[in-house]
Structures are given as structure tokens and as C-alpha cells.
Amino acid sequence: MTDGFRPKSDFLRALTERGFVHQCTDAAALDAAAAGGLVAYVGFDCTAPSLHVGSLVPIMTLAWLQRTGGKPIALMGDGTTRVGDPSGKDETRKILSLDAIEANKAGIRKVFSRFLDFADGPTGALMPGNAEWLAPLNYIDFLRDVGRHFSVNRMLAMDSVKLRIERDQEMSFLEFNYMCLQAYDFVELHRRHGCTLQMGGSDQWGNIINGVDLGRRMDGAKLHALTTPLLTTASGAKMGKTAAGAVWLDATMLAPFDYWQYWRNVEDADVGRFLKLFTFLPMDEIARLVALGGAEINEAKKALADEATALVHGREEAAKAAAAARRTFEEGAVSADLPSVEIAARELDEGMGALAAFVRAGLCASNGEARRQMKGGGLRINDRAVDDERARVGRADLTAEGVVKLSLGRKRHVLLRPV
RNA sequence: GGGGGAGUGUCCCGAGCGGCAAAGGGGGCGGACUGUAAAUCCGCUGGCUAUGCCUUCGUAGGUUCGAGUCCUACCUCCCCCA
């Protein structure tokens, strides 16, 4: 999309050289606009209580915007979450209650405060919710002012709709309207904040373009669209899944140690790409790290883990995670900074079944699974393999640190901490 | 409106003469080998107070000692004719 194009603005140059750009409208015009106080937004839905690494790419585009003198807007889809985006979904997404949406919003807000500076000022970030303008909409007015600009013929031709129809999957009128609402968001943000660029994942291209068109039709505005590539790992898997599920950005949903580990364990072939996308390290530093060959590439992975974790959880947590990893993997010692689960001291006095302990620690889903893992040699207590399903964990198993270390496989460790 | 077909293990795809906790994949987890990588090989992949018990094959009934499998009704989807 930007073949041969050399952006002059700091913003577009950073995005381009770091691999954030998948498609974009009129790169030259956008580049010119980016030279002076560009206002751009990314929309996020509120279907989960936190964001996960899948959202990190668009978040980073906002962070880069702010760092290069622009004003970022993180639009919360608290209005559209009540409708449901059909894009890329096989079936109707469930509609959440207002309370759930509010709770999710609060969780997501925490994440953003790490990446963006919300202080007042020309480059201060904003986080509005689209319910602000969608909720008061009057149906007749909306049809007359906005609906008239949408061609049903064209909407039917869009991938998000076409695929559903081709597969004979039901798509309600409600969902069909999602793209109109999202397009309208762009117009509102343009009117309210002078926002002229919407960014998002490549699957959002159609929706974003609708907003660009609507802005031109309604206000004669020159709006821009920029999408980021859909990220997969070098072996083709979707990003953001671990044994424990999604890689959440919230410390209560995924411990900083596990977050650090996620990045530490990326495939060799992904390190360079990820360093560019998920850290602010300068390009020459990244080039140096990527040039490391063989086992030395692990240094680059540690740098990636340190930087990526620091962005989400702060320097201090990142350093603790790195130290805990060093003690655990390189020295084979017990680190007090491993993720831990508290249990009543009395339970430990009475002694609990080893299998139950693993379930308690969240490492196994059931006693049955724990038993199977044990048979496969995957369970260890204080680094000693469990070989008897009737083994018990008691006070005698406390280490010098006053904890019991449970391990599933080589990489997953949880401390039982009596209280 | 008429005719034909499909819905299977709560990740997905998919076999399944009336004895079935149900073949086989993919994915995932564990083990070995490594560098906390990749590739490769091996094991596991319903629950439990466990030589037994409980819950699973679209939903609800029925036949049967016994139903994923047969019958009836219903729901959802696909194809053909009008």
C-alpha cells in the first residue's frame, strides 16, 4: 500500500518502518496531514473486562501518534457493543447488559492509562464512549440525515455481509446497522474533535471506509483510513493464546510473570517483527538485537519481554518478572515473585491431596487432568516429580521462603502461599 | 406448498451393524531432544469421594434388558421441485 512511498511525517514514517501499515487511503495526503497536529482514533468494543495482546497493535498506533505530536482518541464502543459487529463473526455476538459494559469499560480504561497520556493539552488523549451520541439518536432523524447516504447495494457487497449471506447464516437487521453506526462515529469524532483518521485492524477496513465516505457525503470532510496487519506467529497461529487462554493485559487476569513469559517464548522468527511492533526501542537497537544468531537470540527475546512487559505493567513489574524468570529457569531456584495462590494455613497443616493442590493453583482444570498430567510426568512439587496420585502436600513441603512451588511442565509455576 | 439431506465428545472438523465414554484428524497440554526457539518423535486430551458411580451425540417423548443408532413430535440448517 505504501510501496515506494517515503513518508515525511514522523508519525507515518514510524508506523511504516515498524510494520504497522497494512492498507491506507491516500498516503501522501495523510502524510501531509500528519505533519501538523493530526487527530486520530481507534475503536474498541467492550465485550471483555480487559484487552488482550490482539488489541496491542492498534493501541501502539495511538501511542506512536501521541509521541509524534498527534492527538489520540480511544473510542469505547459502549454504544455499539449493544449491537454487535458482524465482521469476522460466524454468528451473532451476544449482547451485553449495561452493567457488564460499564464494568468492562473500567477495566479497559486502566490499560490505556499505561500507553497514553490523558493530560489536558493539544496532544492529550481522549477516551469518549460512543453511547454519548448513539444513545440519544432519534430513529427518524438518523434515517434522514445518515441513512440516506448508505447504499444497501454496496453494503450487501461488503465482505462482512457477503460472507454471512453466502454461508446462509442469519444476519439480523440490528447487526446490519452496525456499520452505519461505526461510520457515524467517525463523523461525530470529526465534528467534535477534528479527528480525520481512523485506524484499526485489517478486518475493519470496510467499516472504516464507510466512515470516510460518510464524512465526505455529510460534511465534505477529507477523512483517512489506515489499517494494521492481522498478526500471526511465524508458524501461522493466531497471536494471543496461551495454555491459560487469552493473553490479557490486566495483571489480575494474567500475572505479569506470565505476560513476560509469553514474550520470552516467541518463536525466533518473530522476534524482530515483534520488537518493532510491541516496543519503543529505536530501530538501530532492534537491528542489533535481531542480528544475534543461534542461542544468542534469547537476549533479544529477553529484551522484547522486558520492554513489552514494562509497557503494560510498568518497569518494576517487568524487572521482577525478569528476575523471577532468571532464578527459576537459569538458577533452578525458587523465586518469591512467581505467581502465587493463597491458601489457608490450616489446610496445609491438615495436608491436602497433591492433585487437588494443582487444581487449586489453577494449573489443572480437574483432578482427572492432574492425574493424567502426573502420569505423563508433568507435575512437580518443589521441583521433584510427583509420581503417586495419593501424594499429599503439607507443612513439611514449605520451602525456606515459606511457600510450596507447584510446576506444570517446564514453564508454568505457581506458588502456594499459606496465610 | 411438495420432496430429499444434515445437526456427534461445551475448541474445531468428523466416523459411528441396537451393547458406546463413542474411530480418526486438527488444535491444545505433557514427555524426550534443544536455546524457556523451531522441526521431529512419544503420551494425554468427559467428571467424581473411582476396580465402581454420574453426565454427554439438536430438543422433548416413545419402543427395548439396553438407544448416538429404531419410532413420533418439535427446533435449526442445507439441497431439489413449485
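In the text below, chain A, chain B and the rest are named by the order of the sequence lines, each starting its count at 1. Just so you know, these numbers use all the heavy atoms, side chains as well, and skip hydrogens, waters and symmetry mates.
B:G1 and B:C11 have their C1' atoms separated by 41 Å, given to the nearest Å. Comparing the C1' positions of B:U56 and B:A67 gives a spacing of 14 Å, expressed to the nearest Å. Using atom P as the reference point in both B:G68 and B:G4, the two lie 26 Å apart (nearest Å). Comparing B:U76 with B:C70, their C1' atoms are spaced 23 Å from each other, to the whole Å. Comparing the same atom, P, in B:U69 and in B:U63 gives a spacing of 15 Å after rounding to whole Å. As rounded to the nearest Å, B:C81 and B:G26 have C1' atoms that lie 39 Å from one another. Here the separation of B:G30 from B:C77, taken at their P atoms, is 40 Å to the nearest Å. Going from the P atom of B:G46 to that of B:G24 covers 11 Å, rounded to whole Å.
Residue A:V266 is classed as a sugar-phosphate contact, given heavy-atom separations below 4.0 Å to backbone atoms only. Within 4.0 Å of A:K301, counting heavy atoms only, lies at least one base atom of the nucleic acid. Using a 4.0 Å heavy-atom distance criterion, A:I297 is classed as a base contact.
Per the geometry, CD belonging to A:E369 stands 12 Å off C1' belonging to B:G46, to the nearest Å. Rounded to a whole Å, the CZ atom of A:F257 is 13 Å from the P atom of B:U36. Between the C1' atom of B:C48 and the CZ atom of A:R390 lies a distance of 16 Å, rounded to the nearest Å. In this structure, CZ of A:R412 is placed 14 Å from C1' of B:U36, rounded to the nearest angstrom. Put simply, CD on A:E299 is 15 Å from P on B:A37, counting in whole angstrom units. At whole-Å resolution of the value, CD in A:E296 and P in B:A37 are 17 Å apart. Here the P atom of nucleotide B:G30 and the CZ atom of A:F358 are 12 Å apart, to the nearest Å. Protein atom CG of A:L289 is 19 Å distant from nucleotide atom P of B:A37, rounded to whole Å.
With a glycosidic angle no more than 90° from 0, B:C20 adopts the syn conformation.
Under the Watson-Crick or G-U wobble criterion, with both distances below 3.5 Å, B:C77 is paired with B:G5. With both pairing distances under 3.5 Å, B:A50 is matched to nothing as a Watson-Crick or G-U wobble pair. Look at B:A37: it lacks any Watson-Crick or wobble partner with both distances under 3.5 angstrom. Nucleotide B:C44 forms a Watson-Crick or G-U wobble pair with B:G28, both donor-acceptor distances falling under 3.5 Å. Pairing partner, B:G66: none, since no Watson-Crick or wobble contact has both distances short of 3.5 Å. With both pairing distances under 3.5 Å, B:C57 is matched to nothing as a Watson-Crick or G-U wobble pair.
Ring pair A:F112/A:F118: centre-to-centre distance not below 6.0 Å. For A:F257 and A:H313, the distance between ring centers is not under 6.0 angstrom. The distance between the ring centers of A:F274 and A:W263 falls below 6.0 angstrom.
Both A:G377 and A:A325 sit near RNA chain B, but only A:G377 has its closest nucleotide nearer the 5' end. Mapping A:G409 and A:S366 onto RNA chain B via the closest heavy atom, the residue that lands nearer the 5' end is A:G409.
No donor-acceptor contact under 3.5 angstrom links the side chains of A:Q198 and A:Q204, judged on distance only.
Side-chain nitrogen and oxygen atoms of A:K411 include none within less than 4.0 Å of the OP1 or OP2 phosphate oxygen of B:G31. At the phosphate of B:G46, neither OP1 nor OP2 sits under 4.0 Å from any side-chain N or O atom of A:R372.
Electrostatic pairing of A:R380 and A:D383 counts as a salt bridge here, judged by a charged N lying under 4.0 Å from a carboxylate O. Remark: A:R417 does not engage A:E347 in a salt bridge, criterion side-chain N to carboxylate O under 4.0 Å. For A:E317 and A:K320, the salt-bridge test passes: some basic side-chain N is under 4.0 Å from an acidic carboxylate O.
Applying the 3.5 Å distance criterion, the base of B:G47 shares no donor-acceptor pair with the side chain of A:N367. Residue side chain A:R371 reaches the base of B:A50 through a donor-acceptor N/O pair under 3.5 Å, judged by distance alone. Within 3.5 Å, a donor on the side chain of A:Q261 pairs with an acceptor on the base of B:U36, or the reverse.
Among the nucleotides B:G30, B:A32, B:G35, the one closest to the side chain of A:N298 is B:G35.
Taking all atoms of both residues into account, the shortest heavy-atom contact from A:K301 to A:V271 is CG-CG2, 3.7 Å.
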